[in-house]
Amino acid sequence: SAAVARLGGYYGQPAVTVSILDGIKAKAGKHANVVFAQGVKITEDDDWWGDEVKLADPAANRKLIAEAVETAKSADQIILTLGDTEQTSREGWAESHLGDRSSLDLVGEQQELFDALKATGKPITVVLINGRPPSIVKIATEANAIIEGWYLGEQGGNALADVLFGDINPGGKLPVTFPRNAGQLPFYYNHKPTARRGYLFDEKAPLYPFGFGMSYSTFELGAPTLSSATIAANGTVTVTVPVKNTSDRAGDETVQIYVRDKVSSVTRSVKDLKAFKRVTLAAGESKNVIFTLTPETFQMWNDKMQRVVEPGEFDIMAGPDSANLKAVTLTVTH
C-alpha cells in the first residue's frame, strides 16, 4: 500500500495522486536514503468492480517478507503500511459480489510481515490504510507508533509525510470505536447499561475508544466545574474544563462533554456526546474551555413519544475521549 495511493471504492480518478512512498521520498529529499520493499501482496488485483476476490499466494508473500526483512536491516526506522485494498473493504451488493468479512484480522500475511519486521529490533511505525477498523491487538502493543490514515486522498502521501517528519502535529480523534475482535461487534460507546457484559477469557474494553486520539503534544484535563449545581428544566448551565499543554510543543486537544441521566423513565445510554471543542495550546499553556448546555442537552423521548427534560441528577463528564472522563453532578429541578 505504501507505493499505491489508495482512495477507497467511491472516487473519481484524480489527475494526480501521491503515494505514501512518493510523499516520504519528496519530504526526505537528500537528507535520508529511503529504501522500499513491498512486504506482501494482499489480493491478486485491486479491481473494486471485480466480482471474484482471490487472496495473493502465501508462499510468494513469504518470499516478499524475507526480502522486506533484508531491506529493513539497512534502515534506521521502519514505516509499515497495513490495511485494506479496494477489494477487501467494499460494499457487497450481490451474492456474486461480496464485500463483508467474518474476521477483523488483517487480511493475508500482513501480521506475519509485521512480526518479521518487529523481530529486526528496528523502531517501527505502522500506518493503517483501511475502510474500517481492523483487529490489531498485538500490533497496538508492539508498534512504536500507529497512524490511522483511513483513505488519505489524492495528496495523502504528502500529508502523511508532514505528520511522520513532525512538520504537522496531528490532533485527530476517532469517530468510531476500535474493537479488539469481531466478537465485540457491534461496538459503540453509547450503549445501554445492561450491555457489554463481556466474554470469558477476554477484555470487554475496546482497543481504542470513541473519541480517542494522540498527538506529539500531551495534555492534562481537569475536572469540569458548573456555573450552578442546580438548574430548572428550562434552564442552561455553563461547564468549564481546564486544559493544560504539558509538553514542549504547541498542539491541539479536543475537549469532549458527555452526559448521563442517572435515573429516567425509559432506559438511556451510559453516556452521550453532547459537545466538543478543539483548542490549540502553546507549549505549557493553560486554558479554560467553556461550554453552554441548554435544555436540548438533557432532553429525551419518553414512553409517550414526547421530547421532555425529566428532573433529576445528571452526570456531566469531560475528557479527551469517551473512556477517560472526569465527572460532576448537575441537578435539574421541575
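Both backbone and side-chain heavy atoms feed into the values below; hydrogens, waters and symmetry mates do not.
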**Report entry** Intermediate values then yes/no, side chain to side chain contact (heavy atoms under 4.5 Å, CB included), Leu226 and Val239
**Finding:** CA-CA 5 Å; Leu226 305 177; Val239 182; 3.8 Å; yes
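- Summarising the local packing, NZ of Lys244 is surrounded by 12 or fewer heavy atoms from other residues, nucleotides or ligands at distances under 6.0 Å.
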Requested in this report: Would you sort out whether Leu221 and Lys326 count as a side chain to side chain contact (heavy atoms under 4.5 Å, CB included), showing the intermediate values?
Outcome: CA-CA 9 Å; Leu221 278 65; Lys326 297 176 181 177; 5.6 Å; no
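- Salt-bridge formation is not detected for the pair Asp84/Arg6: no Lys NZ or Arg NE/NH1/NH2 atom is positioned less than 4.0 Å from an Asp or Glu carboxylate oxygen.
- With Asn61 contributing its side chain and Lys41 its backbone, the two residues share a donor-acceptor pair below 3.5 Å.
- Grouping the Ile, Leu, Val, Met, Phe, Trp and Tyr side chains by contacts below 4.5 angstrom, directly or via other members, places Leu152 apart from Val18.
- When every heavy atom of Ala116 is checked against every heavy atom of Ile65, the shortest pair comes out as CB-CG2, 3.6 Å.
- Within a 6.0 Å radius of CE in Met300, more than 12 heavy atoms belonging to other residues, nucleotides or ligands are found.
- Between the side chain of Glu148 and the main chain of Trp150, a donor-acceptor pair closer than 3.5 Å is present.
- More than 12 non-hydrogen atoms from other residues, nucleotides or ligands lie less than 6.0 angstrom from OH of Tyr216.
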Query raised in the report: Would Val4 and Ile129 count as a side chain to side chain contact (heavy atoms under 4.5 Å, CB included) if you check the C-alpha gap in whole Å, the side-chain angles of each, and the deciding distance to 0.1 Å?
Result: CA-CA 11 Å; Val4 179; Ile129 303 298; over 6 Å; no
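- Judged by distance alone, the side chain of Lys204 and the main-chain N or O of Arg197 form no donor-acceptor pair under 3.5 Å.
- In plain terms, the two heavy atoms of Thr17 and Ala5 that are nearest each other are CB-CB, 3.7 Å.
- Residue Lys262 places its NZ atom among more than 12 non-hydrogen atoms of other residues, nucleotides or ligands, all under 6.0 Å distant.
- Side-chain contact between Leu330 and Ile231: present, with at least one pair of heavy atoms (C-beta onward) separated by less than 4.5 Å.
- With Gln256 contributing its side chain and Gly211 its backbone, the two residues share a donor-acceptor pair below 3.5 Å.
- Looking only at side-chain heavy atoms (C-beta outward), Leu104 and Pro133 stay at 4.5 Å or farther from each other.
- Cluster annotation: Val126 and Leu174 are assigned to the same hydrophobic cluster (Ile/Leu/Val/Met/Phe/Trp/Tyr, side-chain heavy-atom contacts under 4.5 Å, transitive).
- Of the inter-residue distances, the one linking Thr85 atom OG1 with Asp47 atom CG reads 10.5 Å to the nearest 0.5 angstrom.
- Looking only at atom types and distance, the side chain of Asn245 has no donor-acceptor partner in the side chain of Glu253 under 3.5 Å away.
- A heavy-atom distance below 4.5 Å is not found between the side chains of Ile78 and Asn144.
- Residues Leu117 and Lys122 are not in side-chain contact: their nearest non-hydrogen atoms beyond the backbone lie 4.5 Å or more apart.
- No donor-acceptor pair under 3.5 Å is formed between the side chain of Lys277 and the backbone N or O of Val289.
- Side-chain contact between Glu296 and Gln299 is present, with at least one heavy-atom pair separated by less than 4.5 Å.
- Rounded to the nearest 0.5 Å, atoms CD (Glu91) and CG (Leu98) are 12.0 Å apart.
- For Lys271 and Tyr189, the positive end is not near the middle of the six-membered ring at less than 6.0 Å and at most 45° from its axis.
- Expressed to the nearest 0.5 Å, how far CG of Asn169 lies from CZ of Arg249 amounts to 4.5 Å.
- In this structure, Lys118 contributes its side chain and Glu142 its backbone to a donor-acceptor pair below 3.5 Å.
- In terms of heavy-atom proximity, Leu273 sits nearest to Ala275 at CD1-O, 3.5 Å.
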Query raised in the report: Could you go step by step and tell me if Leu82 and Ile136 meet the side chain to side chain contact (heavy atoms under 4.5 Å, CB included) rule?
Result: CA-CA 10 Å; Leu82 300 171; Ile136 54 164; over 6 Å; no
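- From Ile257, atom CD1 reaches atom CZ of Phe291 across 4.5 Å, with rounding to the nearest 0.5 Å.
- Between Lys173 and Arg278 there is no side-chain heavy-atom pair separated by less than 4.5 Å.
- Every residue two or more places apart in sequence or in another chain that forms a ring-ring contact (aromatic ring centres under 6.0 Å, His included) with Trp49 is listed here: Trp93.
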Enumerate, atom names and distances included, each donor-acceptor pair closer than 3.5 Å involving a side-chain atom of residues 314-325, sequence neighbours excluded.
| residue | atom | partner | partner atom | Å |
| --- | --- | --- | --- | --- |
| Asp321 | OD1 | Ala323 | N | 2.8 |
| Asp321 | OD1 | Asn324 | N | 2.9 |
| Asp321 | OD1 | Asn324 | ND2 | 3.1 |
| Asp321 | OD2 | Asn324 | ND2 | 3.0 |
| Ser322 | OG | Phe210 | O | 2.8 |

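- Listed for the Glu112 side chain is no donor-acceptor partner under 3.5 Å among the backbone atoms of Glu109.
- Note: the hydrophobic cluster containing Ile147 does not contain Ile124 (ILVMFWY, side chain heavy atoms under 4.5 Å, direct or indirect links).
- Using a distance-only test at 3.5 Å, with no hydrogens or angles considered, no donor-acceptor pair links the side chain of Thr177 to the main chain of Pro179.
- Atom OG1 of Thr230 and atom CD of Glu313 lie 9.0 Å apart (nearest 0.5 Å).
- Side-chain contact between Ile146 and Tyr208 is present, with at least one heavy-atom pair separated by less than 4.5 Å.
- Separation of atoms CG (Leu106) and OG1 (Thr88) is listed at 9.5 Å; rounding is to 0.5 Å.
- Between Phe178 and Pro206, the shortest heavy-atom distance links the atoms O-CB, 3.5 Å.
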Distance-only donor-acceptor hits, side chain of residues 153-167, under 3.5 Å, sequence neighbours excluded:
| residue | atom | partner | partner atom | Å |
| --- | --- | --- | --- | --- |
| Gln155 | OE1 | Asn158 | ND2 | 2.8 |
| Asp162 | OD1 | Lys27 | NZ | 2.6 |
| Asp167 | OD2 | Lys27 | NZ | 2.6 |

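- Two residues are said to be in side-chain contact when any heavy atoms from C-beta on lie closer than 4.5 Å; Arg101 and Arg132 meet this criterion.
- Summarising the local packing, CD of Glu95 is surrounded by 12 or fewer heavy atoms from other residues, nucleotides or ligands at distances under 6.0 Å.
- Shortest non-hydrogen contact noted between Asp115 and Lys138 is OD1-NZ, 3.2 Å.
- Ile139 and Ile79 fall into different hydrophobic clusters, where Ile, Leu, Val, Met, Phe, Trp and Tyr are joined by side-chain heavy atoms under 4.5 Å apart, directly or via other members.
- Between Glu285 and Lys287, the shortest heavy-atom contact is OE2-CE, 3.8 Å.
- A cation-pi arrangement is found for Arg196 relative to Tyr188, the charged atom lying closer than 6.0 Å to the ring centre and inside a 45° cone about the ring normal.
- One N or O on the side chain of Gln110 and one on the backbone of Gly83 form a donor-acceptor pair closer than 3.5 Å.
- If you check the side chains of Thr246 and Thr218, you find a donor sitting under 3.5 Å from an acceptor.
- When hydrophobic clusters are built by joining Ile, Leu, Val, Met, Phe, Trp and Tyr residues whose side-chain heavy atoms come closer than 4.5 Å, directly or via intermediates, Val255 is grouped together with Val259.
- Within a 6.0 Å sphere centred on CG of Asp76, other residues, nucleotides and ligands contribute 12 heavy atoms or fewer.
- Checked by atom type and distance alone, the side chain of Gln38 never pairs as donor or acceptor with a backbone atom of Ala68 at under 3.5 Å.
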